[in-house]
Amino acid sequence: MEAIISWAKINPSLAVLSGVFFFLLFVFIRDITQKKHTIQRNFPIVGHLRYFLEMIGPELRQYWVAHDKEERPFDRTERSWIYATSKGQNNNFGFGSTEVQYEPGYPIIKHKAFPFPEEKAFIYNNDATCIPSLKIIGPNRRYPYRPYSIINISAMSFGSLGKNAVRALNIGARDAGAFHNTGEGGLSPYHQEGADVVWQIGTGYFGARGKDGKFSLDILKEKVSTHPSVKMIEVKLSQGAKPGKGGILPAIKVNAEIAAIRHVEMGKDCISPNAHSEFSSVPELINFIEKIAETTGLPVGIKSAVGEIDFWEELANEMKKTGKGPDFITIDGGEGGTGAAPLTYADHVSLPFKIGFQRVYTLFQSHKLSEQIVWIGAGKLGFPDRAVVAIAMGCDLIYVAREAMLSIGCIQAQKCHNDHCPAGVATQNWWLQRGVDPILKGKRATKYLQGFRKELLSLAHSCGYEHPSQFTGKDIEISLGMNRYQPLEDLLGYKRDPVHFTHLQDYTVFPKRQV
């Protein structure tokens, strides 16, 4: 042994080369004798390069190969706009549009010859980007709610996202005046940095379930009564990326803290049931909603992707007959995101947002119910032009999820499902999470929300409106191909409900619930 050490000291280069040789020899023997990987067996040593390149393929395409408009779900120009906006940098683009404006489905927003003067624009609470909701949610509940912002952070649970990411989003929402949806993982300590909160209740009833795993109204009541930041309850029927299937939190993400919050076993896959155990029919769903609303005093709504239409027809009929039901309805499109989903569900189950929303909204309009409901749109709507289209279709509020993740550092690595998120956003890995500074990233989330609203307001002013909710389908034309455009209103087959525009100086802030 001493002789080998002495020889290595005399010939360090030869020692290194010898070490490399013996290592490669070991790999060579291992490759040609193993039977699991054909490429490595047939091409020992160099076969490993194939798997390495496959592993870093998304990064290679993202930075070196793909065209600015090629990547999905968000292309490079979209991500660049979010990054620049969240950092307070120049988010303008030069040299004109790179879009194919005659491509079928391409929207054009029609400006007015005489825009609404920006110097006359309403400014509330010294925030020039303020866009309060024109509708009150749950006006007949004990604690109705009128959001300060029509742009808000959608459902992303603690579990799917790490604690630092959740804290950053809550801080961002707080400072921008937006509300923050908890996602189906339940109310965690990291949702309590000061933002208004929407507590989402999914099929697992996480955070509101007893030791038997069943929903507990008493636990929900207790937590809501001690957390005045909770302004609404959202009952999740399904989400766009995996409708008809429960949430999926891989075992690697289920640490002790998440297990305690969700009341599940640590280190085991946390799979939500694909159906609710508290109701299985429309009348039972309405009774569940009313029970929660009566107990908590809060507005209660539902979130769902759209598939078959019979459910919505029955819901509208039952609401018309009883005068009861959800205070708000969130429609999620099939293009929505998720932490983990089977490929077929993500690609082929549930209708895209525009189609799904149009069918449901039209149905509720025919029953003269659409005006009394607050409509929330979700599914890649985190850009001003897409928000305008959704609002013109009838949305009162807009949810953003992955776009908000991008604002706090997500790089679209698409590794949310395996706990290897390199940006530290969608992971429970302590080392990766440390890269996310909640205070700094919270400021970026704030700037993104404010920048989004600023541009949305600018578009409204350009079209002659003081508030974006005044957009109608007549203000947008959709390309049908070369030299053929048609108003969105004609394509939809309906007009959105008229906006009962109360001047924004009359903005009402309801008294906070006392603990």
Side-chain angles (χ1 to χ4, degrees), residues 1-68 70-76 79-80 83 159-165 248-258 266-270 339-343 346 405-406 408-437 441:
M1 185 67 181
E2 292 180 1
I4 294 174
I5 294 173
S6 299
W7 177 79
K9 289 180 178 179
I10 297 171
N11 302 283
S13 298
L14 288 175
V16 171
L17 290 174
S18 298
V20 171
F21 172 78
F22 283 112
F23 173 75
L24 292 177
L25 179 62
F26 170 79
V27 173
F28 178 87
I29 295 172
R30 179 261 180 196
D31 285 351
I32 63 174
T33 56
Q34 61 85 34
K35 299 179 180 179
K36 187 176 180 180
H37 301 287
T38 302
I39 297 298
Q40 292 176 12
R41 186 175 173 86
N42 291 343
F43 302 93
I45 300 177
V46 295
H48 289 272
L49 184 61
R50 181 256 186 190
Y51 296 100
F52 174 73
L53 292 174
E54 183 181 54
M55 182 178 68
I56 65 171
E59 288 80 4
L60 290 174
R61 291 189 294 273
Q62 184 178 35
Y63 294 109
W64 294 348
V65 179
H67 185 271
D68 284 351
E70 285 180 343
E71 294 174 284
R72 294 292 181 270
F74 299 100
D75 64 42
R76 189 175 297 150
R79 298 197 311 274
S80 295
Y83 293 147
S160 178
L161 302 190
K163 61 183 180 182
N164 288 350
I248 303 171
L249 189 64
I252 194 172
K253 283 189 170 185
V254 185
N255 59 30
E257 186 175 25
I258 290 169
M266 176 183 168
K268 290 189 177 182
D269 289 340
C270 181
L343 182 62
M405 288 171 62
L406 288 166
I408 63 170
C410 168
I411 62 170
Q412 195 172 278
Q414 297 177 292
K415 295 182 178 179
C416 316
H417 61 294
N418 61 19
D419 206 39
H420 293 157
C421 171
V425 175
T427 179
Q428 300 303 319
N429 181 292
W430 72 270
W431 176 261
L432 295 174
Q433 282 195 75
R434 64 182 290 278
V436 179
D437 183 305
K441 299 300 185 181

Over-ring placement of Arg434 relative to Trp430, 6.0 Å and 45° cut-offs: no
Strictly distance-based, threshold 3.5 Å: is any side-chain N or O of [X] a donor or acceptor partner for the main-chain N or O of [Y]?
X      : Y      : result
Lys253 : Ser160 : yes
Arg41  : Ile32  : yes
Gln428 : Gly159 : yes
Arg79  : Leu406 : no

What is the minimum heavy-atom distance between [X] and [Y], and which atoms define it?
X      : Y      : result
Ile45  : Leu24  : CD1-O, 3.6 Å
Asn429 : Thr427 : N-OG1, 2.9 Å
Asn418 : His420 : OD1-N, 3.0 Å
Gly435 : Lys441 : O-CE, 4.5 Å
Val436 : Ala423 : CG2-O, 3.3 Å
Cys410 : Val425 : N-CG2, 3.9 Å

Under 4.5 Å between any side-chain heavy atoms of Leu432 and Cys421, yes or no? no
Rounding to 0.5 Å, atoms CE (Met405) and CG (Leu161) come to a distance of 5.5 Å
Measure the SG-NZ distance between Cys270 and Lys268 for me, rounded to the nearest 0.5 Å. 12.0 Å
Applying side-chain contact (heavy atoms from CB on, under 4.5 Å), run through Phe23 and Val27 and close with a yes or a no. CA-CA 6 Å; Phe23 173 75; Val27 173; 3.8 Å; yes
